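Here's the structure we're looking at; comments come further down.
What you see is a predicted model; the values in this text were computed from it and never measured.
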Amino acid sequence: MRRPKHPLLRRGLEYLNRLPQIKAIAVEEPFASERLIADGKVTLHSPQGEIEYVVEVKSNVSLETYDDVLKQLEIYRQRLEPGQRNLLIGDDFSQSVIEKLIDSGIEFIDASGAVYLSNPFLYVLIQKDTAKPQPASNIKIGSTHLKIIYVILQRPEILEKAPGKITQLAGFKGEGHVLRRVRELCTLNYLERLPNQKFRVSDYVGLLERWEIGYAESLRNYLFVGRFRHANNLSLSDFFDKAIDQADPLGFLVGGELGAGLATQYLKGINAVFHISQEANYRTIAAQLRLMPDPNGPITFLNQFGTCNAWENSRFPHLADPLLLHAELSLGTDERLKETAQRLFDDHLAKRISASKRAL
């Protein structure tokens with residue numbers, strides 16, 4: 001079976017293949033037909049028959065977002081070919097969300113091992129994964145962990161060569177404080193201990209998955225400054241050209257759809273994220289770019305953290321790291337964002353996964 005690239009899709013297939021007499025194969029990732037673009041297509045083989053699922057991956061399904069997710073799945077259902085079915089794969093759904101999904105007849109798998117399949121060939125309902133060893137429940141991934149995870153994902157070799165540098169790059173002062181968090185990531189089986197207080201990544205894809213879930217759930221809100229629009233209603237394309245030229249002198253990195261479009265030369269962004277350096281003042285940047293606050297504006301300001309938010313050796317100066325670009329794209333549901341995120345993953349993030357495996 002070809003190993004899926006999307007971390008949640010990969011995890012979902014692992015759970016499916018643990019089920020007795022079932023073999024799940026990722027046929028396409030992403031999946032595109034004349035009528036839709038989805039995160040993947042999976043074929044399930046069982047003694048009773050074969051069924052084809054078109055997969056939608058969501059990292060932050062909650063009671064607040066449930067209705068929007070349901071509407072999108074209904075749109076996809078109407079575009080499916082005969083014999084195809086929807087399959088929702090997500091992070092750790094709450095029990096309330098699971099009950100609503102079952103009541104709505106939505107087949108799903110989540111990252112904790114909850115599975116609901118109901119089709120003419122098989123019926124499966126697993127509320128939680130009892131076979132998989134559960135990580136220590138008293139370790140909760142917070143913003144401190146996420147900043148450390150970001151540095152590790154960006155440069156996995158740092159764990160073996162100079163783990164002490166994580167403290168500075170992640171924006172902390174106490175090395176002992178960071179080392180405790182690194183040890184906790186070992187307890188959660190993302191990292192492996194080595195002699196002489198060194199470590200290495202044991203599950204890069206799982207760590208990437210945890211980073212994107214945490215970014216969506218908490219870190220982005222922690223970094224959030226505000227949303228803005230141009231005061232003179234300048235066209236977005238003209239404004240973006242001006243903003244890119246001003247990124248270095250004003251002290252921000254270009255991210256979001258605008259940054260991903262520059263990186264892939266594929267997407268024409270309709271919004272942007274500006275990652276504000278710690279030395280810059282967001283009010284000064286807004287004034288220089290003639291931006292005014294707007295809760296629905298297309299430009300979002302986020303604070304930077306640590307010292308390595310920039311994409312090193314990028315052909316475009318002042319671009320945010322692909323980890324930040326991909327995490328932003330993963331928040332959206334638009335099909336053009338999914339395809340851009342896949343290109344970004346294939347062309348850039350996959351190389352870091354390969355580098356981490358060579359280090360093992």
- Message: Do Val97 and Leu117 land in one hydrophobic cluster if side-chain heavy atoms of ILVMFWY residues count as linked below 4.5 Å?
- Response: no
- Atom OH of Tyr222 with >12 non-hydrogen neighbours under 6.0 angstrom: no
- Query: By side-chain hydrogen bond (donor to acceptor under 3.5 Å, both in side chains), which residues pair with His275, not counting sequence neighbours?
  - Reply: none
- Message: Check this for me, if you would: do Asp203 and Arg10 make a salt bridge, where the nitrogen-to-carboxylate-oxygen distance has to be below 4.0 angstrom?
- Response: yes
- Message: Does Ile166 form a side-chain contact (heavy atoms from CB on, under 4.5 Å) with Leu179? I'd like the steps, not just the answer.
- Response: CA-CA 9 Å; Ile166 296 175; Leu179 187 59; over 6 Å; no
- Message: I need the minimum non-hydrogen distance between Gly83 and Ile51, along with the two atoms involved.
- Response: O-CG1, 4.5 Å
- With side chains defined as the heavy atoms from C-beta onward, is the minimum distance between Glu212 and His326 less than 4.5 Å? yes
- Return the orientation label for the Phe301 and Phe228 ring planes: parallel under 30°, perpendicular over 60°, tilted otherwise. tilted
- Item | Donor-acceptor under 3.5 Å (Asn232 side chain, Leu234 main chain) | no
- Query: Quick check: does any side chain N or O of Lys338 sit under 3.5 Å from a backbone N or O of Asp334, one acting as donor and the other as acceptor?
  - Reply: no
- Query: Going by an N to O cut-off under 4.0 Å, is there a salt bridge joining Asp110 and Lys58?
  - Reply: no
- Item | Residues Glu160 and Arg155 bridged, charged N to O under 4.0 Å | no
- Message: Whether Arg77 and Glu74 form a salt bridge (side-chain N of Lys/Arg under 4.0 Å from carboxylate O of Asp/Glu) is what I want to check.
- Response: yes
- Message: Quick one, Tyr53 and Leu44 - any side-chain contact, counting heavy atoms below 4.5 Å?
- Response: yes
- Note on the structure: When rounded to the nearest 0.5 Å, the distance separating CD of Glu107 from OG of Ser118 is 6.0 Å
- Pair Glu52 + Arg85: basic N to acidic O under 4.0 Å: no
- Is there a path from Val151 to Leu188 through hydrophobic residues (I, L, V, M, F, W, Y) whose side chains come within less than 4.5 Å of each other? yes
- Task: Would you mind reporting whether Val178 and Thr144 have side-chain heavy atoms less than 4.5 Å apart?
- Result: no
- Without swapping roles, check the side chain of Tyr266 against the backbone of Arg343 for a donor-acceptor pair under 3.5 Å. no
- Item | Side chain proximity check, Glu56 to Ile89, heavy atoms < 4.5 angstrom | no
- Message: Check for me, please, whether Leu191 and Leu208 land in the same ILVMFWY cluster - side-chain distances under 4.5 Å, paths through other members count.
- Response: yes
- Message: I'd like to know if the side chain of Glu257 and the backbone of Leu329 have a donor-acceptor N/O pair within less than 3.5 Å.
- Response: no
- Are the ring centres of His318 and Trp311 closer than 6.0 Å? no
- Shortest non-hydrogen contact from Gly332 to Leu337? CA-CD1, 3.9 Å
- Message: Tell me whether Ile213 shares a hydrophobic cluster with Val61, the cluster being built from Ile, Leu, Val, Met, Phe, Trp, Tyr side chains joined at under 4.5 Å.
- Response: no
- Message: If we ignore hydrogens and angles and just use 3.5 Å, is the side chain of Ser96 paired with the main-chain N or O of Leu63 as donor and acceptor?
- Response: no
- Query: Under 3.5 Å, side chain of Ser202 to main-chain N/O of Tyr190, donor-acceptor pair present?
  - Reply: yes
- In one Ile/Leu/Val/Met/Phe/Trp/Tyr side-chain cluster, 4.5 Å: Trp211, Leu253: no
- Message: Treating Asp39 as the side-chain partner and Val57 as the backbone partner, does any N or O pair qualify as donor plus acceptor under 3.5 Å?
- Response: yes
- Item | Minimum heavy-atom distance Phe31-Ser33, with the two atoms named | CZ-CB, 4.0 Å
- Item | Minimum side-chain heavy-atom gap Tyr66-Ser104 below 4.5 Å | yes
- Query: Can you find a heavy atom in the side chain of Leu101 that is under 4.5 Å from one in the side chain of Leu70?
  - Reply: no
- Does the pair Leu302 and Ile276 meet the rule for a side-chain contact (heavy atoms from CB on, under 4.5 Å), with working shown? CA-CA 6 Å; Leu302 299 180; Ile276 312 301; over 6 Å; no
- Item | Whether Ser277 side chain and Gly251 backbone form a donor-acceptor pair below 3.5 Å | yes
- Kindly determine whether Asp321 and Gln154 satisfy side-chain hydrogen bond (donor to acceptor under 3.5 Å, both in side chains), including the steps that lead there. CA-CA 8 Å; Asp321 189 85; Gln154 188 184 57; 2.9 Å; yes
- Message: Minimum heavy-atom separation for Leu169 and Cys308, please, with both atom names.
- Response: O-SG, 3.8 Å
- What distance do Glu217 atom CD and Leu219 atom CG have between them, rounded to the nearest 0.5 Å? 11.5 Å
- Message: For Gln168, I'd like to know if atom CD has over 12 heavy atoms of other residues, nucleotides or ligands within 6.0 Å.
- Response: no
- Side-chain touch Arg200/Lys198, heavy atoms, less than 4.5 angstrom: no
- Return yes if some donor-acceptor pair links the side-chain N/O of Asn86 with the main-chain N/O of Leu73 below 3.5 Å, else return no. yes
- Would you check if the distance from the ring center of Phe305 to the ring center of Tyr150 is below 6.0 Å? yes
- Task: Check the angle between the aromatic planes of Tyr116 and Tyr123 and answer parallel, tilted or perpendicular using the 30° and 60° thresholds.
- Result: perpendicular
- No-hydrogen, no-angle side-chain donor-acceptor test under 3.5 Å, Gln342 and Asp346: yes
- Query: Any idea which heavy atoms bring Leu8 and Gly90 closest together, and the distance?
  - Reply: CD2-O, 3.8 Å
- Message: Given 3.5 Å as the limit, does a donor-acceptor pair link the side chain of Thr284 with the main chain of Ala280, or not?
- Response: no
- Message: Are the side chains of Ile98 and Phe108 in contact, using a 4.5 Å heavy-atom criterion?
- Response: yes
- Report the C-alpha separation of Glu335 and Leu36 in whole Å, then their side-chain angles, then the decisive distance to 0.1 Å, and conclude whether the side-chain contact (heavy atoms from CB on, under 4.5 Å) test is met. CA-CA 8 Å; Glu335 294 177 1; Leu36 64 81; 4.0 Å; yes
- Message: If the test is side chain to side chain contact (heavy atoms under 4.5 Å, CB included), which one of Leu324, Thr300, Leu146 qualifies with Arg220?
- Response: Thr300
For residues 237-244, which side-chain donor-acceptor pairs fall under 3.5 Å, sequence neighbours excluded?
from: Asp238; atom 1: OD2; to: Ser235; atom 2: OG; distance (Å): 3.0

- Minimum heavy-atom separation for Val42 to Ala24, with atom names? CG1-CB, 4.3 Å
